[in-house]
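All remarks here apply to the structure that follows.
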Amino acid sequence: MGNPGRTPVGKRVGRVAALVVLVALTATGCSGDEILRFGWPVGVTPQANDMRWLWTWTVIAALAVGVIVWALIFWTATFHRKKKTAPGEEEELPRQFQYNIPLELFTVVVPTIMVCVLFFFTATTESKVLDKKPNPDVTVDVIAFQWNWEFKYEGDKAKRADGGQVSTVGSSGEIPLLVLPTNKTIEYKLRSTDVIHSFWVPEFHFKRDVMPDPEKNNQDFSFQNSIDREGSFVGRCAELCGTYHSVMNFEVRALSPDKYDQYIQLRTQTNPKTGKPNTASEALTAMNCGELCSPFAVTTKPFNTDRTARTATN
Ligand SMILES: [Cu+2]
């Protein structure tokens with residue numbers, strides 16, 4: 001029976017829901033892009049962007065399914081509850097739907113299709129992210145060891161006067177800088193000299209274990225990406241690898257291709273003051289290009305690894 005002067009329940013629920021959505025969108029001060037990210041962090045590679053769109057569409061699909069399911073639950077609970085038909089009569093159960101073959105087929109077939117669609121888009125995104133070009137512009141050997149990193153550049157451009165290749169090694173006093181060019185295909189070849197480590201740059205949205213014997217372990221130890229903007233991005237070891245695992249950090253310094261070429265060239269040259277090839281910090285200092293050429297890491301700093309200062313309390 002209608003109740004004059006009052007809005008029907010369905011309409012009221014609809015209005016409250018619309019108000020909640022409106023407040024959520026306006027009060028949080030999020031931009032359209034931020035809303036569509038659904039919490040996905042901003043990445044710096046096209047690969048990270050591919051993964052971001054997979055996430056966005058997956059959340060939209062999940063929300064659409066959620067809204068339909070919630071609507072059906074509220075609709076059933078509100079309009080199809082046990083009710084009395086007349087005063088004094090026994091309560092009557094709503095119409096029952098068990099053993100309804102078409103309905104049961106529907107609830108099996110539709111979720112199966114949804115899982116297949118999600119699988120398809122996940123697999124295509126994964127193959128895009130892991131795709132490798134035959135001739136990358138830059139190849140860098142990433143050598144992990146307890147507890148630091150060495151980055152060795154391959155190719156003739158990175159050949160020093162003394163015949164060796166340009167390489168950067170971290171120490172307990174200095175965070176190693178992995179200087180890379182923007183908008184170029186970079187190949188990372190990962191290898192460990194001791195235990196299993198893991199190469200992780202959060203802004204790449206990519207992490208891969210660094211194995212001592214990748215071939216024996218049947219591991220694909222290389223991957224490629226490109227970096228779409230200049231900047232400094234922290235890198236970390238993401239596999240518990242012993243006492244100083246937590247201090248095993250590095251920094252990716254992405255420079256424009258011109259600046260990168262200048263950097264590599266400086267690294268191949270000998271420093272007249274020291275008689276040795278320029279170090280990463282010497283090359284960056286010589287380039288003098290502001291924050292981007294900061295000679296030391298800006299995203300993290302070395303930790304004090306001296307444990308001799310500590311004494312047992314009992
Ligand atoms: Cu490690």
Side-chain angles (χ1 to χ4, degrees), residues 41-45 47-48 51 126 129-130 132 136 138-154 158 164-181 186-227 231-255 263 267 279-281 283-284 294-310:
V42 178
V44 296
T45 65
Q47 289 78 4
M51 290 185 262
E126 191 180 326
V129 169
L130 299 179
K132 279 189 251 183
V138 173
T139 302
V140 54
D141 294 320
V142 173
I143 301 140
F145 57 94
Q146 283 172 318
W147 288 275
N148 229 308
W149 301 88
E150 179 180 359
F151 305 113
K152 213 179 205 167
Y153 297 78
E154 288 188 9
Q165 293 295 125
V166 169
S167 96
T168 308
V169 191
S171 68
S172 47
E174 196 171 326
I175 300 285
L177 298 176
L178 172 54
V179 179
L180 294 169
I186 304 152
E187 178 158 312
Y188 307 79
K189 287 187 181 168
L190 313 176
R191 189 171 290 272
S192 160
T193 59
D194 37 52
V195 300
I196 303 173
H197 301 272
S198 182
F199 179 89
W200 180 40
V201 179
E203 262 98 349
F204 287 177
H205 298 173
F206 193 92
K207 187 195 288 177
R208 176 157 296 170
D209 274 6
V210 186
M211 303 277 219
D213 247 322
E215 293 89 354
K216 259 194 203 162
N217 290 301
N218 256 338
Q219 194 217 18
D220 179 4
F221 57 90
S222 69
F223 72 95
Q224 293 183 354
N225 70 8
S226 59
I227 304 169
S232 304
F233 314 109
V234 74
R236 303 188 190 283
C237 175
E239 179 69 59
L240 184 59
C241 59
T243 315
Y244 296 117
H245 156 70
S246 65
V247 306
M248 208 175 140
N249 298 324
F250 60 97
E251 179 173 300
V252 168
R253 188 72 62 80
L255 305 176
Y263 168 80
R267 292 292 314 267
T279 63
S281 52
L284 287 164
S294 163
F296 300 106
V298 293
T299 55
T300 182
K301 55 182 190 312
F303 291 73
N304 182 9
T305 50
D306 176 19
R307 290 186 138 202
T308 55
R310 279 199 197 169

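One-based numbering, in listed order, for ligands and for the atoms of each.
Below 30°, between 30° and 60°, or above 60°: for W147 and Y244 the angle between ring planes is above 60°, a perpendicular geometry. The aromatic rings of F223 and F199 sit tilted, their planes meeting at an angle between 30° and 60°.
Among the atoms of S192, no N, O or S atom falls under 2.8 Å of the Cu ion (ligand 1).
The nearest N/O/S atom of H197 to the Cu ion (ligand 1) is ND1.
To the nearest 10 degrees, the Cu ion (ligand 1) sees SD of M248 and SG of C241 at an angle of 100°.
Proximity of the aromatic rings of F204 and F233 is defined here by a centroid distance below 6.0 angstrom, and this criterion is not met.
Ionic pairing of E150 and R191 is not present here: no N-O contact between side-chain nitrogen and carboxylate oxygen is shorter than 4.0 angstrom.
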